[in-house]
Amino acid sequence: MTTTEAELAPLEFAVTKNLAAKSPAQREELLKSPGFGTVFTDHMVDICWSARGGWHRPRVQPYGPISLDPAAAVLHYGQEIFEGIKAYRHADGSIHTFRPRANAERLQRSARRMALPELPTEYFLQSLRELIAVDGAWTPSGADQSLYLRPFMFAKEAFLGVRPAEKVAYYLIASPAGSYFKGGVKPVRIWLSENFARAGRGGTGAAKTGGNYASSLLPQAEAYEKGCDQVVFLDQDGNVEELGGMNIVFVHRDGRIVTPQSDSILEGITRDSLLQLAEDRGHTVERRPVSLREWRDGIASGDIIEVFACGTAAVVTPIGALVTADFEEAQPTGELALSLREELTDIQYGRAADKHGWMHQLDV
Ligand SMILES: *Cc1c(COP(=O)(O)O)cnc(C)c1O
């Protein structure tokens, strides 16, 4: 790309209103108990990209099926990336999102890895504002509720040859989300996947791309079969990687907080934010490889006092048990995970000062 961010003119979105939009009464009914990922708002945003024309034809249009050529590359070779970010309703009615530039930059990193075009940060932010401008009323105001925003990009060129597509689409859809944990945050049981990996050295583990999720479905099904809620993956060296869609964090008795780092782990924005809040409280944070042996020894010796998973959807989930084919180990649960969760959600919902400048108002 030749234009730099500074030279970008704002996009002019063509807006087509949904004539079959839900009535306010229908919407309010759906917002009472939206669950996760099943209810969608009335509109969607899309922007086209072509190798010749760059980003063009930005639109806001009625939410609905996408028409694709059966030869579209994404359907064959999985050239696809996505993001997950929430919009929060504050007490005064205004709508805010959290660290959207970090999501825009991660979408750009994912794009580089998957040979897709990089959507400029300003276009990403504009797409969020455009959707909120038409569908902001879908942002619920109940406790722990939010509007989950799902930006995604895929190869739509009709071509069965294997090379980066020259026609790509970026879309943004939104889905109201209820409290992830009905009846309070509960520790989860996690299954250690010993037969399957989610990523490998030099692979796509650090990109938010559908294939990583596709390859986690079978181990996830195995986890359910074993009475577990989630899977934790190891890398080829026996180091702990992450869960299928959440990062993992270990709290040590001496106040250190340790989290795995490698180029096969998806760098979570929730994790980064929680660790920043922990550092603000005086904790030391270590980002480095963590072996399964270190984890198990730490539990046995009492050196590790808490283990939790984190990500945008559930925010923080304490881990209550580690289960494998050979053993089951109870994990200690403490108060740090939940207290960091509360501090983070207080910022996100506008109940606490935003001292890091993380919040970004969307209904402007
Ligand atoms: C999205 C995602 C996470 C969590 O990232 P957040 O930015 O905190 O939502 C962790 N692991 C994987 C594999 C993910 O796709």
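Both counts, for ligands and for their atoms, begin at 1 and track the order of listing.
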Novice: Under 6.0 Å between ring centres, would you say that holds for Y213 and F82?
Specialist: yes
Novice: Please enumerate all residues that pass ring pair (Phe, Tyr, Trp, His ring centres under 6.0 Å) together with Y224, with sequence neighbours excluded.
Specialist: none
Novice: Could you tell me if R296 sits above the aromatic ring of F327, with its cationic atom closer than 6.0 Å to the ring centre and no more than 45 degrees from the axis?
Specialist: yes
Novice: Donor-acceptor pair, E105 side chain versus A102 backbone, under 3.5 Å?
Specialist: no
Novice: Should F13 and V45 count as side-chain neighbours, where that means a heavy-atom distance under 4.5 Å?
Specialist: yes
Novice: Around ligand 1, what residues show up once you keep those with a heavy atom under 4.0 Å from it?
Specialist: R106, R198, K208, Y213, E242, G244, G245, M246, N247, L266, G268, I269, T270, G311, T312
Novice: Decide yes or no for Y170 and C48: does some side-chain heavy atom of the first lie under 4.5 Å from some side-chain heavy atom of the second?
Specialist: no
